[in-house]
Every structure is written in structure tokens, then in C-alpha cells.
Amino acid sequence: MENLSTLMGKYGEEGDKLLFKILNSGNYLEGMQDQQPGSNNNGNPVSGIASRIPDLTSFTRHISEKGLRYDLTVPFARFVVQHQNELVFPFKRYQIQPVWRADRPQKGRYREFFQCDVDVIGSPSLLYELELIQIIDDVFSRLGIETTTVFNNRKILAGIAEAIGAPEKLTDITVAIDKLDKTGLEKVCLELNERGLSDSAIAALQPVLLMEGRISDKITILEKLFQNSETGNKGIAELKQLLGLIKDLSLSNKWNFDVRLARGLNYYTGTIIEVKANDVSMGSICGGGRYDDLTGIFGLPGVSGVGISFGADRIYDVMNELNKFPDTILHTTKVLFANFGTEEEKFSLKLLSDIRKEGIASEIYPDSSKLKKQLEYASRKQIPFVVLIGKDEMENGLLTVKDLASGEQSRMSREEFISKLKK
RNA sequence: GUGGUCGUAGCUCAGCUGGUUAGAGCGUCAGAUUGUGGCUCUGAAGGCCGUGGGUUCGAGUCCCAUCUUCCACCCCA
């Protein structure tokens, strides 16, 4: 949970709408009855409780001051500022926690989901971008998911807007060109027009929209475009440096540079990264980028950070779809002690505790149900051994051990059984 | 936020242009087998047909509202 003031305005226009707001505690409507009936933002009269409030925006602010975290990066920046005197910079941290978005759930989209964040704050060095890229590659290699990582740089996007004479239209341009592979060139140009971009600016944008092929070719086109754009050239320089570093890594997953990658979170200022799983229709399963001045908003200017976030739930969905979870994940218990009654239970519990001390996962059936039922339980849970201890076994001290895979049953001493399990 | 969609047994679903007692498979429970799982057979339990209203002699079925599910867009993990 965070103060809404911490969260608002950090995620773009859409982001604010997607924040879950929490109602204040206590009698937050106190004093409201004296308010005059009013109107909403459009000047239309409003009724009900809202009519007692001068305007709805201030009403919302009045009843809700806290919200659920939308991501882990912004609260992290807040944390870094609050603890700036105790931290050693560059400060690294990872964090795995749920975040919430007030969105309509659908495939691969949840109202509550876990993010796994890795961030380094306090250095502008591109070496950290490189390390994060290595982490991404390592994580997905180990999980057995084939991915494609796409990079871009916000400075390049800003440079494009600058170069075509519409620097204030940066967001509109990025949102539109992001749709290029979905809707096609014509519709994108139409949308740009609707968003108030001049015909000449759209014409100047054409080479970027039509960009294809090798990275070096793309860079050449951009360099030509950026002749008078300082920001754009800085972006190109960063990109080149990063690409130079990546080339020596020999990553096992695919990667590419794509000017169409936009990313809506508006705190990004440099490198932006997005990872998608190949052969699965799912949104991005990991994303991130560099934010030069996120801490500045909270009172610590001039500190650059870079971070990525893995979407745990989507990664789970992808692994499920691709059958990447090993079957052995279901094999938990090695030994089940059948339960024949109170006396036998006591006897078994001692043994159970001894076997657990040997590091062998084991359990006892919770009540003295029919043996048929207990064996069925073991069978369905794929427990390999069931130990049967009844009157006979208690008297002669030997255990009856049933091997569920073969169905064979034999008597052995406690020590024999343990060494059998440890093989 | 916009558009669409779904809701019937624990689960997956069938139920025709409204018509008597709402079905199947799986699962659960009991038995065949009183200390022996998987396979088989026999039987049983289990339903305010999402909720509220309406039309009708009669509603799981038609109409309205509402909630929920899932999907697409927007956007994103």
C-alpha cells in the first residue's frame, strides 16, 4: 500500500485510471453534509452523495488517500529517497511481490499479479543494462522458455519527435507507431493525423515507419534523421554502446532493436526493454528500462536507475502452455505411514520423526480409514513407499514396506528401510 | 474505460420451436474385497438451472435489470 500522491502521475494518463484506490478509514464523510449541491467536471449537475461535494475530483481525494501499488519500481524509488543516507550507491535490490491494476481481467491479464523486480539505482552506466540483459537471458534459459528481447531507447523516440518538428507529440507518436505491426501503415498515419500531427511531420516520419532489416541500416536511417537532434544522437550513441557490449555476450535467446517499442510508463528516459516468449500469444513477460530522474520526483535529483520486472503469473502461464513444468514436481512425499489406530499411530509417529530427521519427506495418514483408502491416497499422490505397521509389526519390530510401483511387499528392519530410501 | 460473451450437480458439459419427476461423463461415498492401490462391476448421495423482477395456465428455456465468468480493444507483467 502506498500514498496515492506517491503513485499518481507516474504511469501516464492510462496508469492513473488503473490505480486501485483505497477508501479512507474512519468517518471520512464527516462535515460533508454542509456542502452545497454541485456539479461534476463537465459542469453537469450530479446527484446522490456526490451532489453534496463541490466537485468529484476533490471528493475522490477527500475519501481516498491511499492506493495499492501499481508496480514495484515507483515504491522502490520512494524507498531509496527515504533511505538515501543509509544506502550504498550504486544500490542493487531484487523484490518479489504482488501488484494491482484496476483493469478488466482477461487472458494473461490479472488484477493482482506478482512482479519480480531487479533494479540498480545510482549509476548511469550502461554496464547495468548489460547485466540485466544477462539476467533475463539466464532466467529464461533456465526455465526453458525461448524468448525474444527487444530494445529501444526513449532518447531515440524523443529524437524522432524532435526531428520531425513535433517534440510535444512524443507520446502520440510512440503510441501510434507501436501499433504498426498490428494495424498497418495506413491506419497508423490516419491515427497520427487524428492526434494532431501535421502532414509534413507524418511525411518526415515515413522512413522510420518503413524501417526494416539490419540494425546497422536502421541506425543509418536514424542518424540521417537526427542531424539536428541532440537528444536523438545521444540515444543513438547509447544504443551503439549497448549493442557493442551485447555482441560479446553470446546470449542463448534472440534479441533485436526495434524503434516501434514504446512502453507507456512515462518515467523511462533511456534504454527500454521488453521480452516476449516465442510461439506463445501472451503479452510481454518481462519489461523494463532506464529512469534518469524517478527519484527526483521524491526529492533526490540526479540519480539514474535501471530495472526490469518479470511477470511471474504470465511466465507461469507460458510454462503451462508449453508444458515446461517437469512431472517430478508432483512427487513430493517419499513415504506414507499407514494408520491402523491409536496405538499403531503412536508407534509410527516416533519412526516418522526419525525418518524425517534423515531428510526423507514422509507423512502419516491422518486417521485410521480403511487401508484401501489409504493406499489409494498414496497411489494418487505417487508416493513410492507405504509402511504398514499393525499389531504384528509392533510385536516383532519389523516394518512391512510396500513398493507401490511394483506392488511388492517385504519385511525389514528400521535401519534397512532407511538405507534403502537413501540409495 | 469501450465492445462482446458466459452462468444448469464438486468438475466438464447436454437440455430441441416454453409442457409433467432437469440428464450424462468424471469425481465423491458405500459395497463386491472385515490389513492391501491402479482395472472392473453394482448401488447411493448430490441441483433455490447466478440473483431479482416480468410475460405466461405453465419458464432451465422468452423479456428486463443486476452480479459473475471469459474474450477482444485500450494499455500492460
Side-chain angles (χ1 to χ4, degrees), chain A residues 10-19 69-73 95-118 136 139-140 145 147 171-172 174-176 178-179 182-183 187 191 195 261-268 272-277 280-289 307-318 336-341 344 365 368-394 399-411:
Chain A
K10 311 296 188 299
Y11 305 107
E13 216 176 300
E14 289 298 316
D16 281 358
K17 290 183 198 161
L18 295 175
L19 286 170
R69 71 175 97 83
Y70 180 93
D71 71 355
L72 301 180
T73 311
Q95 184 176 357
I96 299 173
Q97 273 185 315
V99 300
W100 294 268
R101 294 183 188 177
D103 209 349
R104 292 222 187 146
Q106 55 180 282
K107 191 189 177 192
R109 168 174 302 178
Y110 304 97
R111 285 202 192 115
E112 175 180 0
F113 59 96
F114 272 80
Q115 286 195 330
C116 315
D117 266 44
V118 190
I136 291 170
V139 163
F140 290 118
I145 304 174
T147 58
T171 318
D172 297 287
T174 52
V175 168
D178 187 41
K179 290 178 194 161
K182 281 186 200 162
T183 60
K187 284 193 176 172
E191 187 175 337
R195 285 173 179 266
L261 176 63
R263 298 195 60 76
L265 304 179
N266 60 6
Y267 49 72
Y268 290 126
I272 44 183
I273 304 171
E274 192 165 286
V275 185
K276 283 188 176 183
V280 182
S281 85
M282 179 77 61
S284 58
I285 52 176
C286 178
I308 50 169
S309 181
F310 294 88
D313 303 73
R314 280 189 180 174
I315 292 170
Y316 173 89
D317 288 342
V318 166
L336 174 74
F337 285 85
N339 189 327
F340 285 102
E344 292 89 341
Y365 200 80
S368 56
S369 307
K370 289 205 281 188
L371 189 57
K372 176 186 164 75
K373 202 175 170 185
Q374 301 191 33
L375 284 170
E376 195 179 315
Y377 169 80
S379 177
R380 292 188 62 179
K381 278 194 72 172
Q382 307 196 48
I383 297 172
F385 298 106
V386 175
V387 177
L388 305 165
I389 299 170
K391 282 200 180 71
D392 292 355
E393 287 84 356
M394 275 165 53
L399 316 176
T400 298
V401 176
K402 187 177 172 78
D403 180 329
L404 284 229
S406 65
E408 279 168 20
Q409 203 163 299
S410 53
R411 295 215 159 180

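Please read all numbers here as calculations on a predicted model, not as lab measurements. Throughout, protein chains are lettered first and strands after them, A, B, ... in sequence-line order, and every chain is numbered starting at 1.
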> Rounded to whole angstroms, how far apart are CG on A:Asp392 and C1' on B:U36?
14 Å
> Hey, is A:Phe310 stacking on B:A77? Ring centres under 5.5 Å, planes under 30°.
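No, the aromatic ring of A:Phe310 does not stack with the base.
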> Whole Å only: how far is the CG atom of A:Leu371 from the C1' atom of B:G37?
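After rounding, the reported distance stands at 9 Å.
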> Evaluate the criterion side-chain contact (heavy atoms from CB on, under 4.5 Å) for residue pair A:Val386 and A:Gln374; output intermediate values, then yes/no.
CA-CA 9 Å; A:Val386 175; A:Gln374 301 191 33; over 6 Å; no
> Given that both pair distances must be under 3.5 Å and the pair must be Watson-Crick or G-U, what runs of three or more consecutive pairs involve RNA chain B?
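If one scans RNA chain B for consecutive Watson-Crick or G-U pairs, the stems found are B:1-4 with B:70-73, B:10-13 with B:23-26, B:28-32 with B:40-44, B:50-54 with B:62-66.
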> From CG of A:Asn339 over to C1' of B:U36, roughly how many Å is that when rounded to an integer?
15 Å
> Look at all strands and tell whether A:Tyr377 reaches a base, only sugar-phosphate, or nothing, counting heavy atoms closer than 4.0 Å.
nothing
> Distance between the P atoms of B:G37 and B:G23, in whole angstroms?
34 Å
> Below 3.5 Å, does any donor atom in the side chain of A:Gln374 face an acceptor in the base of B:U36, or the other way round?
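Side chain to base: no pair below 3.5 Å.
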> Determine the Euclidean distance between corresponding P atoms of B:U12 and B:G31; express it in Å to zero decimal places.
30 Å
> For A:Ile285 and B:A77, what is the distance between atoms CD1 and P respectively, to the nearest whole Å?
12 Å
> If the condition is side chain to side chain donor-acceptor pair (under 3.5 Å), which residues does A:Arg195 pass it with, not counting sequence neighbours?
A:Asp172, A:Glu191
> P atom, B:G52 versus B:G60: distance in rounded Å?
13 Å
> Ignoring backbone atoms, establish whether A:Lys373 has a side-chain N or O less than 4.0 Å from OP1 or OP2 of B:C29.
yes
> With sequence neighbours left out, write down each residue that passes side chain to side chain contact (heavy atoms under 4.5 Å, CB included) with A:Pro98, or none if nothing qualifies.
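Residues passing side chain to side chain contact (heavy atoms under 4.5 Å, CB included) with A:Pro98: A:Arg69, A:Trp100, A:Glu112, A:Phe114.
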> State which residues pass salt bridge (Lys or Arg N to Asp or Glu O under 4.0 Å) with A:Glu274; sequence neighbours excluded, sorted by chain then number.
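With sequence neighbours excluded, A:Glu274 shows a salt bridge (Lys or Arg N to Asp or Glu O under 4.0 Å) to A:Arg263, given in chain and number order.
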> How far, in whole Å, is B:U5 from B:C49 if one measures between their P atoms?
24 Å
> Going by the rule ring-ring contact (aromatic ring centres under 6.0 Å, His included), which residues pair with A:Tyr365 if we only count those two or more places apart in sequence or in a different chain?
A:Tyr377
> Could you say whether A:Gly15 or A:Leu375 is positioned toward the 5' end of RNA chain B, judged by the nucleotide with the nearest heavy atom to each?
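Mapping each residue to its closest nucleotide by heavy atoms, the 5'-most match is A:Leu375.
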> Could you measure between the two C1' atoms, the one in B:A22 and the one in B:U8, and give it in whole Å?
8 Å
> Mind checking the P distance from B:U51 to B:U34? Whole angstroms is fine.
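Rounded to whole Å, the distance is 45 Å.
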> So what does A:Gly390 touch, heavy atoms closer than 4.0 Å: a base, only the sugar-phosphate, or nothing?
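The answer is base, as A:Gly390 lies within the cut-off (heavy atoms under 4.0 Å) of a base atom.
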> Regarding A:Glu393, tell me which of base, sugar-phosphate or nothing describes its non-hydrogen contacts under 4.0 Å with the strands shown.
base
> Nearest to the side chain of A:Arg380, which nucleotide is it out of B:G27, B:C76, B:G35?
B:G27
> Among all residues two or more places apart in sequence or in another chain, which pass the ring-ring contact (aromatic ring centres under 6.0 Å, His included) test with A:Tyr70?
A:Tyr11
> Tabulated below should be each protein N or O lying under 3.5 Å from an N or O of nucleotides 38-43 of chain B; please produce it.
none

> Which residues pass the side chain to side chain contact (heavy atoms under 4.5 Å, CB included) test with A:Val280, not counting sequence neighbours?
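Once residues adjacent in sequence are excluded, the partners of A:Val280 under the side chain to side chain contact (heavy atoms under 4.5 Å, CB included) criterion are A:Ala277, A:Met282, A:Val318, A:Glu321, A:Leu322.
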> Between atom CD in A:Glu274 and atom P in B:C76, what is the gap in whole Å?
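Taking atom P of B:C76 as the reference, CD of A:Glu274 is at 8 Å.
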> List the residues meeting salt bridge (Lys or Arg N to Asp or Glu O under 4.0 Å) with A:Lys372, not counting sequence neighbours, and say none if there are none.
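Not a single residue meets the salt bridge (Lys or Arg N to Asp or Glu O under 4.0 Å) criterion with A:Lys372.
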> Taking OH from A:Tyr268 and C1' from B:C76, how many angstroms apart are they, rounded to a whole number?
11 Å
> Please step through salt bridge (charged side-chain N to carboxylate O under 4.0 Å, His left out) for the pair A:Lys17 and A:Glu14, ending with a clear verdict.
CA-CA 5 Å; A:Lys17 290 183 198 161; A:Glu14 289 298 316; 3.8 Å; yes
> Scan nucleotides 69-74 of chain B against the protein and return all N/O pairs shorter than 3.5 Å with their distances rounded to 0.1 Å.
from	atom 1	to	atom 2	distance (Å)
B:C71	OP1	A:Lys107	N	3.4
B:C71	OP2	A:Lys107	N	2.7
B:A72	OP2	A:Gln106	OE1	2.7
B:A72	N7	A:Gln106	NE2	3.4
B:C73	N4	A:Gln106	NE2	3.4
B:C74	N3	A:Arg109	NH1	3.4
B:C74	N4	A:Arg109	NH1	2.1
B:C74	N4	A:Arg109	NH2	2.5

> Rounded to the nearest Å, what distance is computed from the CD atom of residue A:Gln95 to the P atom of nucleotide B:A77?
15 Å
> What is the distance, to the nearest angstrom, from the NZ atom on A:Lys391 to the C1' atom on B:G35?
11 Å
> Determine whether the aromatic ring centres of A:Phe310 and A:Phe140 lie less than 6.0 Å apart.
yes
> Could you list the residues that satisfy side chain to side chain contact (heavy atoms under 4.5 Å, CB included) with A:Ser281, not counting sequence neighbours?
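Once residues adjacent in sequence are excluded, the partners of A:Ser281 under the side chain to side chain contact (heavy atoms under 4.5 Å, CB included) criterion are A:Lys107.
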> I want to check something: taking the side chain as every heavy atom from C-beta on, are A:Leu399 and A:Phe385 in contact at a cut-off of under 4.5 Å?
no
> When you get a sec, tell me which of B:U28, B:G35, B:A77 is the closest nucleotide to the side chain of A:Phe113?
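Side chain of A:Phe113 sits closest to B:A77.
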> P atom, B:A30 versus B:A9: distance in rounded Å?
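It works out to 24 Å between them.
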> Report yes or no: do A:Ser309 and A:Asp117 form a side-chain donor-acceptor pair below 3.5 Å?
yes
> Mind checking side chain to side chain contact (heavy atoms under 4.5 Å, CB included) for A:Asp392 and listing every partner two or more places apart, or none if nothing turns up?
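With neighbours one apart ignored, the set is A:Arg411.
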> Taking the C1' atom of each, how far is B:U69 from B:C6, in whole Å?
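Comparing C1' positions in B:U69 and B:C6 gives a spacing of 6 Å.
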> Base, sugar-phosphate, or nothing: which does A:Cys116 touch, judged by heavy atoms less than 4.0 Å apart?
nothing
